[in-house]
Amino acid sequence: QAQLVESGGGLVQAGGSLRLSCAASGRTFSRYAMAWFRQAPGKEREFVATISWSGGTTYYADSVKGRFTISRDNAKNTVALQMNSLKPEDTAVYYCAAAATVFTTIVASDYHFWGQGTQVAVSS
């Protein structure tokens, strides 16, 4: 059974950094686009970043561009999100997701597999 498990969340002060990891198991996701989404309390889930199967194409939400970096290691079946210069508005549950397409997509409904999420809290 395919499974995505996120880790690395926590509490950090504004301006700090966190690195989220997503470990995939149950199948090889090397031909899948991978992405991170987030959901803040009382808000809808929103796109954060996506990466193509090869890692050659990435796309970011305007709100995180220049601060967050998505990467993947297909040999290890993992995806990471390096988050720098964190702001209180980045506080949310962060979800890893996989889409059965080699291209990138920012549409949540295109993603077939989802992790349980990891909490990120940024204090001011």
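In this structure, Phe37 is not a member of the same hydrophobic cluster as Phe113, with clusters built from ILVMFWY side-chain heavy atoms closer than 4.5 Å. Placement of Val120 and Leu4 within a single hydrophobic cluster is found when ILVMFWY residues are connected by side-chain heavy-atom separations under 4.5 Å, directly or transitively.
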Side chain to side chain contact (heavy atoms under 4.5 Å, CB included) between Thr118 and Leu20, intermediate numbers included: CA-CA 8 Å; Thr118 184; Leu20 304 183; 4.0 Å; yes

Chi angles and distances behind the ring-ring contact (aromatic ring centres under 6.0 Å, His included) call for Phe47, Tyr60: CA-CA 8 Å; Phe47 165 77; Tyr60 299 91; 8.2 Å; no

Evaluation steps, side chain to side chain contact (heavy atoms under 4.5 Å, CB included), between Arg38 and Tyr95: CA-CA 6 Å; Arg38 68 186 181 186; Tyr95 297 90; 5.9 Å; no

Pair Tyr111-Thr101, side chain to side chain donor-acceptor pair (under 3.5 Å): steps then yes or no: CA-CA 9 Å; Tyr111 288 84; Thr101 172; over 6 Å; no

Residue pair Leu81, Val48: steps toward the side chain to side chain contact (heavy atoms under 4.5 Å, CB included) verdict: CA-CA 10 Å; Leu81 185 68; Val48 175; 4.2 Å; yes

Residues Leu86, Leu18; criterion side chain to side chain contact (heavy atoms under 4.5 Å, CB included); working and verdict: CA-CA 8 Å; Leu86 283 161; Leu18 281 175; 4.1 Å; yes

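Closest non-hydrogen pair, Thr104 versus Ser52, comes out as CG2-N, 3.4 Å. Contact detail for Lys65 and Asp62: the closest heavy-atom pair is NZ-OD1, 3.1 Å. Across every non-hydrogen atom of Ser124 and Ala14, the tightest pair is CA-CB, 4.3 Å.
Between the CD1 atom of Ile51 and the OG1 atom of Thr58 there is a distance of 6.5 Å, given to the nearest 0.5 Å. Between the CZ atom in Phe103 and the OG1 atom in Thr57 there is a gap of 9.5 Å [rounded to 0.5 Å]. Between Cys22 atom SG and Arg72 atom CZ the span is 10.0 Å, to the nearest 0.5 Å. Atom SG of residue Cys96 and atom CE of residue Met34 lie 4.0 Å apart, to the nearest 0.5 angstrom. Distance check, rounded to the nearest 0.5 Å: CZ of Arg67 to OG of Ser85 gives 7.0 Å.
In Gln116, the CD atom is not crowded: 12 or fewer heavy atoms of neighbouring residues, nucleotides or ligands sit closer than 6.0 Å. By the 6.0 Å contact criterion, NZ on Lys76 is open, its count of non-hydrogen atoms from other residues, nucleotides or ligands being 12 or less.
Side chains of Trp114 and Arg45 form a contact here, defined as non-hydrogen atoms less than 4.5 Å apart. Using a 4.5 Å heavy-atom cutoff, the side chains of Tyr59 and Ile106 are in contact.
Between Phe68 and Tyr94, the ring planes lie tilted relative to each other; the angle falls in the 30° to 60° range.
Between the side chains of Tyr32 and Arg27, at least one donor-acceptor pair of N or O atoms lies under 3.5 Å. When only modelled atom types and interatomic distance are considered, Ser30 and Asn74 share no side-chain donor-acceptor pair under 3.5 Å.
Without hydrogens or angle criteria, Asp73 side chain to Val79 main chain gives no donor-acceptor distance under 3.5 Å.
Using a 4.0 Å cut-off between a side-chain N of Lys or Arg and a carboxylate O of Asp or Glu, Lys87 and Asp90 do not qualify as a salt bridge.
Residues meeting the side-chain contact (heavy atoms from CB on, under 4.5 Å) test with Gln82, sequence neighbours left out: Ser17, Arg19, Thr69, Asn84.
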